There are 2 protein chains.
Amino acid sequence: MANLKQLAQSLGLSITTVSRALDGYADVSAATRERVRDAADKVGYRPNASARRLRRQRAELVAVTLPSDPGHIGPPHFLDMLSGCAEHLAAAGLNLVIAPVPRGESELDICRRFVDGRRVDAMLLVRTKRKDERVEFLQSRGIPFVTNGRTESLLPHPYIDGDGFAGFRAATLRFHAAGHRRIGHIAGPQEYYFAHDRCRGWRAAMEECGLATDLCAEGAPLEQGGYLAALELLRQPSRPTALVCATDEMAIGALRALREVDGGNQISIVGHDDLAMGAFTSPPLSTMRMTGENLGASFASLLLRAIAGEPAEELQELHAIEFVDRDSHRHPAKAA
Amino acid sequence: MANLKQLAQSLGLSITTVSRALDGYADVSAATRERVRDAADKVGYRPNASARRLRRQRAELVAVTLPSDPGHIGPPHFLDMLSGCAEHLAAAGLNLVIAPVPRGESELDICRRFVDGRRVDAMLLVRTKRKDERVEFLQSRGIPFVTNGRTESLLPHPYIDGDGFAGFRAATLRFHAAGHRRIGHIAGPQEYYFAHDRCRGWRAAMEECGLATDLCAEGAPLEQGGYLAALELLRQPSRPTALVCATDEMAIGALRALREVDGGNQISIVGHDDLAMGAFTSPPLSTMRMTGENLGASFASLLLRAIAGEPAEELQELHAIEFVDRDSHRHPAKAA
DNA sequence: CTTGACTCCCAAAACGTTTTGGAGAATCTT
DNA sequence: AAGATTCTCCAAAACGTTTTGGGAGTCAAG
């Protein structure tokens, strides 16, 4: 409500002293420090953010880019993650701003605008692609950033990711151990790293078991995409007896396809993400999830450390995947 | 990459002229304007955001508060809405920042911090409560804001909301017309305006039809809450034959309860929100949705108009509710 | 040749903070 | 008692922009 000058005047002190008192410098006596702080509390003084940012040459802002295609808006727990991240950043005096992608502009344009306008101190990128131009741009500019998901960039960069390869390999091997031989994969768009990674995991397991890898269909990473991809696999002359789906949303779409085609409850299925919804599908959806809790806090921590200048190599977290067993993966490996 | 001073120097012009040329003022000749703009493009000049904000006394920022309880994080299309809103705000030079609520602080504290630190020009509030302290605070401070959902505040304020009363009344009357007499309501937490509004709609219809209003159970606005509430209603001596659920997520939880108790497909059910998931439940979930498209753009427009000083009365949008009929509402009104 | 209008440009102030580089007084050292 | 040290405090610069209030020219009219 007031500014430093007024506060200083009312106390009969200089602006300098008031500022330093509030920041807790040792070169102002304990007595005045107290006096200043009391007065500041009483008038409800808050430093003007813009002025501080200008003087400190820091934006006190971190931007997170939202993918533009509706529905493609990142993992389902995205909002919880954002919230947690924003909360921990706030504790360090940083706010999280949303960087949407307007029609006609690329995600790269957005990065450019935020970075070149010195609007942010760092960026958070979600839904990385295998070749991600945003990553290359930010690396060339030397702006700190963290991605949710790896990329195939040559230079290392900070990221947090789940080990989709290991997870999908394990899930596929488990179906194999349960007697399944025709195990299909419902894949997400392969330009995304996560989708490609998970597909590779399934493929690796199939090859280890000496099985053909033709039971694979790709679709948009949503219910509809999973539904269509499942129908495609079910049209095959020799149907799969188990399905490994890139995401829970795709798996839920696939469940509907199964219900329509063979009444359901014949084909095993497993998803990934541990959507809350999964416990309420019919049958309840077995799934996988990245280990580790409070992802948002991890992102915030990595961002802060990246801003502090830690090298990228030390800012990479690859989390293991754990099974969340419900019912949908238990169907027997009958012949079709 | 450069600042105004350097740019001016390289052109042999004053800072003033360069600044005004870039802003398109008429008092700089067309020739120099062109020259300045070309040079600015070439060096990729972007004005320093902090400096402009300080000088203009505007934060160029709008904050949206996220409810803290995980899962309670607003309506399901929330992220799409945010994205759309941020996009349209960006076109007006405003960015959207996320204001999470750290543990131990109230949503009011957050508002206070953002407003008193002059960090934002306006605020966007979601998931309003009937008595919402944030609204009262912002009104007392005279800060522009828009809410997603009405409140019972005495002073009018800008909002966008769906007419939950009319929607739930209509849904209930439709069940009555289809022969249902025991129509239950699965309600959200009544301190939220939307939950109370929807409950009132159901209740009004029941009373119009001369039916008792005791088949009502309240739960958290999530799958689990709907599941538990449905179980409660199904334990009643005289079961409902139809359920009107405050949200789709609750309805999906209720669907599971129905499957467990009577094998499903006996009791009609309808939700609200038109979650994409609803098309893939078993049975596909009939639901309702607020009319109007690109909600985010509407929020952005209202925010801009509120900042421009338009009176609150002209910034209120109450949208009609439309049915989205799938299968779950068609079960006959058998005797229990 | 003056006057006024018009065009094009600029110096300087202002926004509210943080930080630099001391200044003056009090206290300690020798 | 003089010098060194410590303790408090402060004036002024700086961050990069926008905006105010002109100041030179040029030109046409009187």
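Below, each value reflects all heavy atoms present in this structure, side chains not excepted, and no hydrogens, waters or symmetry copies. The chains referred to below are lettered A, B, ... by the order of the sequence lines, with proteins before strands, and numbering in each begins at 1. Not measured: the values here are computed from a predicted model.
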Suppose we screen for side-chain hydrogen bond (donor to acceptor under 3.5 Å, both in side chains). Which residues come up paired with A:Arg37, at least two apart in sequence or across chains? none

For a quick check, with a 4.0 angstrom heavy-atom cut-off, what is the B/S/- contact string for nucleotides 19-24 of chain C, read 5' to 3'? BB----

Check every atom of [options] against the side chain of [X] and return the nucleotide holding the closest atom.
{"X": "A:Leu54", "options": "C:dC10, D:dG16, D:dC9", "value": "D:dG16"}
{"X": "A:Ser29", "options": "D:dC9, C:dG16, C:dC8", "value": "D:dC9"}
{"X": "B:Asn48", "options": "D:dC15, D:dT17, C:dT17", "value": "D:dT17"}

Apply ring-ring contact (aromatic ring centres under 6.0 Å, His included) to A:Phe145 and list each qualifying residue two or more places apart in sequence or on a separate chain. A:His157

Side-chain donor-acceptor contact under 3.5 Å, A:Thr16 with A:Ser19: no

Pairs where residues 57-67 of chain B contributes a residue and the test side chain to side chain donor-acceptor pair (under 3.5 Å) is met, not counting sequence neighbours: B:Arg52-B:Glu60, B:Thr65-B:Arg134

5′-ward residue of the pair B:Gln57/B:Ala26 relative to DNA chain C: B:Ala26

Consecutive-pair stems (at least three Watson-Crick or G-U pairs, under 3.5 Å) that include DNA chain C: C:1-30 with D:1-30

Restricting to pairs with a member in residues 148-160 of chain B, which pass salt bridge (Lys or Arg N to Asp or Glu O under 4.0 Å), not counting sequence neighbours? B:Arg130-B:Glu152, B:Arg150-B:Asp161, B:Arg150-B:Asp197

Please work out if A:Thr32 contacts a base, only the sugar-phosphate, or nothing of the nucleic acid, heavy-atom cut-off 4.0 Å. sugar-phosphate

